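We count residues from 1, following the sequence as given. Ligands are counted one by one from 1 in listed order, and the atoms in each one are counted from 1 as well. In this text the structure is predicted, and so the values were computed from the model without any measurement.
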Amino acid sequence: MNNIALLGFGTVGKGVFELLKDRRDVSITRVLDLPTKKEELGSLYSTKEEILQDENISTIIECMGGDTLAYEIIKEGLTRGKNVITSNKETVSLHFEEYLSLAQEHHCCFRFEASVGGGIPLLDPAYQISCFDQVERIEGILNGTTNFILSKMQKENLSFQESLKLAQEKGFAERDPSADLQGLDMVRKGVILSSLCYHKEIHNEDVIHFGIEHIDLDLIHDIQKRGKVLRFLMLSSYQEKLSLQVIPALLSPSHPLSQIQEEYNGVTLYCKNNSLVTLSGKGAGRYPTASAILQDLNHILEGAAPFRREKVSLLKNEVDMSGDYYVYDGKESKILSSPSFNTLSSYPFVAKIL
Ligand code: HSE
């Protein structure tokens with residue numbers, strides 16, 4: 001029997017608990033959450049110390065979110081040789097290299113499939129591809145909440161607030177949805193995915209991001225009149241230089257990412273030998289995310305090879321701002337060609353035209 005400690009009994013944690021409860025090969029024996037959940041969790045309720053000191057726990061599944069406590073437990077857990085699976089993009093993007101080297105050093109696994117692209121089997125296949133081909137560029141919708149909002153506004157003419165409320169009710173949005181709306185959530189996911197595919201160290205604070213928090217139905221109608229579809233994307237490329245940005249984009253209706261609706265995510269990897277590889281699936285929500293965690297657990301139980309990481313160099317982000325941009329000042333829109341970052345930052349809404 002493989003004993004598991006679950007950290008976080010919220011949307012995702014409860015999903016993992018449900019999906020594992022009838023399994024005979026694994027058992028959740030400890031759960032960490034706030035004291036308010038003590039009664040609900042009964043004898044499973046455990047402290048951080050109890051979890052770390054329990055030698056029968058072989059794997060920790062972390063879905064609390066946030067960095068401080070998650071970092072302490074993941075670091076200590078890996079140091080004690082426990083496998084760690086996490087859905088927490090914040091802590092993975094901040095301590096990626098440290099977690100991977102601790103896992104390597106202590107002969108355990110660190111896996112984080114659920115941290116990017118929800119239920120899509122994405123990180124594992126993308127990493128495998130990057131080991132035998134060169135990933136040169138990545139375009140992705142990596143946030144379910146904002147894609148849900150944009151879909152509802154464009155397809156059903158719902159207002160921004162109505163769409164956001166629905167996304168929150170469905171459990172897609174972060175506790176503080178500004179991380180979704182301003183693009184920070186996608187920055188973290190873009191850093192994890194790009195770092196894995198390009199085999200380089202990349203820092204969150206280096207990434208430029210524009211948000212969708214100032215959109216309204218007038219803006220949506222203006223974009224529709226231009227025959228375009230609005231999507232919120234992570235764009236990254238690496239050949240000689242790294243360019244990584246999170247930005248709304250105006251796409252033609254035939255672009256593959258225009259078809260990605262509601263909370264679905266979609267990612268296209270542009271590879272040197274294999275051309276385009278597109279993966280899509282549900283990017284947020286209890287069971288898709290829990291399913292990605294089970295995928296990691298399966299890899300660990302089957303003894304799959306961990307991510308191999310040699311000492312990697314830090315890559316500075318040199319964003320390519322060339323091309324046409326759509327800007328909107330709250331009343332009128334216009335197109336700017338290859339503007340500077342400062343010019344774009346003076347508008348409440350900007351989108352790259354792809
Ligand atoms: N808030 C995130 C999203 C949750 O909407 O994509 C999944 O990472």
Side-chain angles (χ1 to χ4, degrees), residues 7-16 19 61-67 70 85-94 96 111-124 126 138-153 160-196 204 207 209 211-213 215 230-234 246-248 257 260-267 279-296:
L7 313 185
F9 202 61
T11 304
V12 178
K14 280 186 182 162
V16 171
L19 296 183
I61 296 179
E62 189 273 312
C63 23
M64 301 182 294
D67 183 46
I85 299 171
T86 179
S87 57
N88 181 340
K89 49 260 165 161
E90 183 176 353
T91 200
V92 178
S93 62
L94 288 169
F96 192 66
R111 302 199 72 107
F112 41 96
E113 185 61 65
S115 66
V116 186
I120 312 173
L122 170 65
L123 296 181
D124 209 53
I138 310 170
E139 280 180 6
I141 293 171
L142 294 177
N143 184 272
T145 303
T146 49
N147 203 57
F148 182 87
I149 292 172
L150 295 180
S151 298
K152 289 288 175 199
M153 292 182 78
F160 177 77
Q161 285 306 337
E162 285 169 320
S163 311
L164 171 60
K165 191 162 169 278
L166 265 179
Q168 286 174 311
E169 284 166 6
K170 286 175 177 281
F172 304 149
E174 297 301 300
R175 211 166 295 156
D176 172 6
S178 58
D180 296 302
L181 302 174
Q182 293 171 359
L184 195 55
D185 181 74
M186 246 195 299
V187 166
R188 294 167 177 153
K189 291 167 174 171
V191 162
I192 298 169
L193 179 61
S194 304
S195 177
L196 202 62
N204 289 347
V207 180
H209 60 104
I212 64 154
E213 69 270 49
I215 61 172
L230 176 61
R231 288 289 179 264
F232 194 20
L233 304 185
M234 189 286 299
V246 168
I247 189 164
L257 296 180
I260 306 293
Q261 301 292 343
E262 306 225 330
E263 77 272 28
Y264 279 71
N265 283 189
V267 181
L279 298 155
S280 71
K282 286 198 175 181
R286 170 172 290 174
Y287 294 112
T289 313
S291 158
I293 289 175
L294 262 61
Q295 183 189 321
D296 279 342

Is the closest N or O pair between Phe172 and ligand 1 shorter than 3.5 Å? yes
Should Glu263 be listed as contacting ligand 1, given a heavy-atom distance under 4.0 Å as the test? no
In the protein, which heavy atom is nearest to atom 2 (C) of ligand 1, and how far is it? Glu174 OE2, 3.2 Å
Show which atoms of ligand 1 fall inside a sub-4.0 Å distance from at least one heavy-atom site of Lys189. 2 (C), 3 (C), 6 (O), 7 (C), 8 (O)
Is the backbone N or O of Pro288 less than 3.5 Å from a side-chain atom of Lys282, with the two atoms forming a donor-acceptor pair by type? no
More than 12 heavy atoms of other residues, nucleotides or ligands under 6.0 Å from NZ of Lys170: yes or no? no
Salt bridge flag under 4.0 Å for residues Lys89 and Glu174: yes
Give me the nearest non-hydrogen protein atom to atom 5 (O) of ligand 1 as residue plus atom name, then the distance to 0.1 Å. Thr145 OG1, 2.6 Å
For Gly283 and ligand 1, answer yes if some heavy atom of the residue is under 4.0 Å from a ligand atom, otherwise no. yes
Under a plain distance cut-off of 3.5 Å, with no hydrogens placed, do Thr91 and Asn88 share a side-chain donor-acceptor pair? no
Start with the C-alpha distance between Met153 and Glu162, add both sets of side-chain angles, then the distance that settles side-chain contact (heavy atoms from CB on, under 4.5 Å), and finish with yes or no. CA-CA 9 Å; Met153 292 182 78; Glu162 285 169 320; over 6 Å; no
Would you find a donor on one side and an acceptor on the other, under 3.5 Å apart, between the side chain of Ser194 and the backbone of Val191? no
Specify the protein heavy atom at minimum distance from atom 6 (O) of ligand 1: its residue, its atom name, and the distance to 0.1 Å. Gly144 N, 2.8 Å
So among Asn143, Asn147, Thr146, which one has a side-chain hydrogen bond (donor to acceptor under 3.5 Å, both in side chains) with Asp180? Asn143
Which ligand 1 atoms are under 4.0 Å away from a heavy-atom of Asp180? 1 (N), 2 (C), 3 (C), 5 (O)
Do me a favour and list the nearest non-hydrogen protein atom to atom 8 (O) of ligand 1 with residue, atom name and distance? Lys89 NZ, 2.6 Å
Indicate yes or no: does an N/O atom of Ser115 lie under 3.5 Å from an N/O atom of ligand 1? no
